[in-house]
Amino acid sequence: QVQLVESGGGLVQAGDSLRLSCAVSGRTVSNYGVGWFRQAPGKEREFVTGITGGGLARYYSDSMKGRFTISRDSAKNTVYLQMNSLKPEDTGVYYCAARATISYSYTEYDYWGQGTQVTVSS
């Protein structure tokens with residue numbers, strides 16, 4: 001089993017920055033890639049970014065590349081999502097999820113956190 005706990009969400013204004021954290025625990029954490037997904041009201045969950053278990057490879061959704069950055073602190077077993085230049089359309093619940101390899105499809109992830117709300121006001 002792998003447990004994931006997100007934190008860092010909140011209410012910000014357009015143009016602000018926010019950093020989300022995903023604390024990972026359980027089985028050998030370095031064996032799992034971690035992806036960030038978000039879900040806006042009434043919309044399907046979408047891939048934001050992902051990082052491999054060793055942290056050597058990162059993947060980004062084209063629409064968020066350049067504004068969002070994923071990183072991993074192996075000593076703390078924590079994955080971060082740095083979000084800059086936030087827009088109202090970035091509003092949603094942000095989830096982190098783990099699986100052996102990174103997938104862009106949320107249906108392929110084995111373990112999920114509970115999510116953290118991000119609201120960007122205009």
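Only this structure's heavy atoms are used, side chains among them; waters, hydrogens and symmetry mates stay out.
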I want to check something: taking the side chain as every heavy atom from C-beta on, are [X] and [Y] in contact at a cut-off of under 4.5 Å?
X	Y	result
Thr69	Tyr60	yes
Leu20	Val118	yes
Gln117	Thr91	yes
Thr49	Leu81	yes
Tyr80	Ile51	no
Gln82	Ser17	yes

Indicate if [X] and [Y] have the same hydrophobic cluster label, given that clusters are the connected sets of ILVMFWY residues with side-chain heavy-atom separations under 4.5 angstrom.
X	Y	result
Val79	Phe47	no
Met83	Tyr59	no
Trp36	Val2	yes
Ile102	Met64	no

If I compare all heavy atoms of [X] with all of [Y], which pair ends up nearest, and what's the gap?
X	Y	answer
Ser122	Pro88	CB-CG, 3.8 Å
Leu4	Gln114	O-OE1, 3.9 Å
Glu6	Gly115	OE1-N, 2.9 Å
Gly10	Leu18	N-CD2, 4.1 Å
Cys22	Val34	SG-CG1, 4.3 Å
Val48	Tyr94	CG2-CE2, 4.4 Å

From CA spacing to verdict: side-chain contact (heavy atoms from CB on, under 4.5 Å), Thr101, Thr52: CA-CA 7 Å; Thr101 57; Thr52 54; over 6 Å; no
Gap between atom OH of Tyr95 and atom OH of Tyr109 - 0.5 Å precision: 15.5 Å
Nearest-0.5 Å distance, OG of residue Ser85 to CZ of residue Arg67: 7.0 Å
Residues Asp73 and Thr78: side-chain donor-acceptor under 3.5 angstrom: no
Ser61 and Ser63: side chain donor to acceptor below 3.5 Å: yes
Worked check of side chain to side chain donor-acceptor pair (under 3.5 Å) between Ser105 and Thr107: CA-CA 5 Å; Ser105 173; Thr107 62; 2.8 Å; yes
Matching residue for Val12 among Thr119, Asp90, Val120 - test: side-chain contact (heavy atoms from CB on, under 4.5 Å): Val120
Salt bridge (charged side-chain N to carboxylate O under 4.0 Å, His left out) contacts touching residues 39-60 (sequence neighbours left out): Arg38-Glu46
Heavy atoms of other groups near Gln1 CD, more than 12 under 6.0 Å: no
side-chain contact (heavy atoms from CB on, under 4.5 Å) between Val24 and Tyr32, worked out: CA-CA 10 Å; Val24 187; Tyr32 290 85; 5.9 Å; no
Whether Trp112 and Phe37 hold their rings parallel, tilted or perpendicular, with breakpoints at 30° and 60°: tilted
